[in-house]
Structures are given as C-alpha cells and as structure tokens.
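What follows is one structure encoded as structure tokens, with my remarks underneath.
Values reported hereafter were calculated over all heavy atoms of this structure, with side chains retained and with hydrogens, waters and symmetry mates removed.
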Amino acid sequence: MATPTLIDRFLLDQVIAAAVASPRHRRNHNFHSSDSDAAHRLLNAIEPGSYVPPHRHLDPAKDETMLLLRGRLGVVFFAEDGQVSAQALLEAGGECCGVNIPYGVFHSVLACTPGTVFFEAKAGPWAPLSEAERAPWAPGENDAGAAAYHASLSALFATR
C-alpha cells in the first residue's frame, strides 16, 4: 500500500532546488506512478528564464488545470496566427491563483519570480507533442531566437 505524500514546505523546497539545478530551469515532481496513468498530477517548479514554447493539446481529454502554490506565473494564450489573445498573472494566495486551459488553446507559461511552483492536473497518458500541437510561429526550446521570443513574453508581465 502506498503512503500519503504531504505537499509541504520541504517538498516545495526540494522541487525548487531541482529546478534551479536543472539546465532547463524547471522540474516536475509526479504524483502519478507512470506516464501511462489515466490521470497525471504533478508539481511543476519553474524559474525565471525557462522557456516553455507555446503549444496546445488536441486530445479533447487533455484540458490542463494549474493552481499556483508559490511565486508568480505568467500565462499567455495565443490565437491560431500567433498573436497574443490574452494573458493572466497567477499569484499564490493572490486574486487569481489558477487557470483551466481547454484543449486546443495555444498557451505558454513563464515564471515571474524565483521559486515558482504550481500543481498541475491533466489526463494521461503522456505522449510527446505532435507537430500539430507545436506552435509553428514560435521558436522551439533550443532554436535560435528562443531567448528573444521568451523575453518578449516576459515583457508582457514586466510592469505587474
């Protein structure tokens, strides 16, 4: 029988330290046991400067729900042509602390403060993004122009 896992300060500090040490400046801590599980529940720690390329999930079961536990997270939504259609600033304990992103919506997230952690829930199983789920108008994570594109997204939250 599995034992309960407390989501406490110690666990949040551990996942943040792992994100800081990661070359991608983000790290997740899964509560589901396998990528093939029907439900995925995880902590996602992300540091400023980590670029999550805009993407969408085309499977109707793949809505994503995010609840901020620490820090501040910028969420950017895009129209099909790549224009920013909306943005939201999530803040742990703030006026807006979470978001549900329906399948099919292009989106990206970025940390606005060090030590940002959110809880994420979505349907499994995990599968790599298909070409149709990647934003054709945005650079990939390691592409030329990724840093400049990420900086333009970060600028959306600079005055907040």
Side-chain angles (χ1 to χ4, degrees), residues 2 4-7 11-12 15-16 18-19 22 24-112 116-143 145-146 149-150 152-157 160:
T5 301
L6 297 177
I7 302 173
L11 180 56
L12 296 179
V15 74
I16 290 167
S22 166
R24 297 172 76 204
H25 301 294
R26 60 182 184 267
R27 183 62 57 109
N28 60 311
H29 176 90
N30 296 343
F31 297 110
H32 53 283
S33 60
S34 166
D35 284 345
S36 63
D37 286 356
H40 286 201
R41 298 141 354 265
L42 56 139
L43 296 178
N44 227 324
I46 184 169
E47 292 295 305
S50 182
Y51 173 56
V52 178
H55 63 282
R56 61 182 172 182
H57 305 283
L58 292 176
D59 182 336
K62 297 276 187 179
D63 293 359
E64 289 181 90
T65 301
M66 301 173 186
L67 296 171
L68 208 63
L69 301 176
R70 253 195 210 170
R72 297 171 69 199
L73 185 77
V75 184
V76 184
F77 304 99
F78 303 89
E80 291 284 328
D81 65 0
Q83 295 300 309
V84 172
S85 60
Q87 65 207 43
L89 180 64
L90 309 183
E91 188 167 6
E95 185 69 26
C96 183
C97 64
V99 62
N100 186 69
I101 304 171
Y103 79 95
V105 175
F106 279 112
H107 61 282
S108 181
V109 298
L110 56 123
C112 296
T116 295
V117 182
F118 59 96
F119 176 82
E120 182 175 349
K122 59 187 170 188
W126 179 85
L129 293 174
S130 70
E131 281 306 309
E133 292 175 311
R134 297 176 192 278
W137 32 260
E141 189 171 356
N142 297 309
D143 291 349
Y149 187 77
H150 180 262
S152 72
L153 297 179
S154 295
L156 297 171
F157 302 96
R160 295 179 172 197

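A donor-acceptor contact shorter than 3.5 Å is absent between the side chain of H57 and the backbone of E133. In this structure a side-chain-to-backbone donor-acceptor pair under 3.5 Å is present from S154 to H150. The backbone N or O of Y51 lies less than 3.5 Å from no partner atom in the side chain of R24, so there is not a single donor-acceptor pair. Looking at W137, its side chain never comes within 3.5 Å of a backbone N or O of Q83 through a donor-acceptor pair. Proximity of a side-chain donor or acceptor of T65 to a complementary backbone N or O of N100 within less than 3.5 Å is not detected. The backbone N or O of V52 lies less than 3.5 Å from a partner atom in the side chain of S108, making a donor-acceptor pair.
Rounded to the nearest 0.5 angstrom, M66 CE and L90 CG are separated by 8.5 Å. Annotation: the span from S34 atom OG to H40 atom NE2 amounts to 7.0 Å, rounded to 0.5 Å. Expressed to the nearest 0.5 Å, how far CD of E64 lies from NZ of K122 amounts to 4.5 Å. The distance from atom CG of L110 to atom CG of L89, rounded to the nearest 0.5 Å, is 9.0 Å. Taking CG of L156 as the reference point, atom CD of Q87 lies at 4.5 Å (rounded to 0.5 Å). Atom CG of L12 and atom CZ of F119 lie 12.0 Å apart (nearest 0.5 Å).
No side-chain heavy atom of L11 sits under 4.5 Å from any side-chain heavy atom of L6. Side chains of V99 and F118 form no contact here, defined as non-hydrogen atoms less than 4.5 Å apart. In this structure the side chain of P102 reaches within 4.5 angstrom of the side chain of D63, judged on heavy atoms. Contact annotation: the side chain of F31 never approaches that of S33 to less than 4.5 Å [non-hydrogen atoms, C-beta and beyond].
Taking every heavy atom of both residues into account, A111 and E47 meet most closely at CB-C, 3.5 Å. Residues Y103 and D59 approach most closely at CB-O, 3.2 Å, considering heavy atoms. Across all non-hydrogen atoms, the minimal contact from A88 to F157 is O-CE2, 3.4 Å. C97 and E91 make their closest contact through CB-O, 3.5 Å (heavy atoms, listed as atom of the first residue, atom of the second, distance). Residues P136 and F106 approach most closely at CD-CZ, 4.4 Å, considering heavy atoms. The heavy-atom pair separating F77 from H107 by the smallest distance is CD2-CB, 4.1 Å.
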Could you go through the side chain to side chain contact (heavy atoms under 4.5 Å, CB included) check for I46 and N44 one step at a time? CA-CA 6 Å; I46 184 169; N44 227 324; 5.7 Å; no
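Under the 4.0 Å criterion applied to side-chain N and carboxylate O atoms, E120 and R26 are not assigned as salt-bridge partners.
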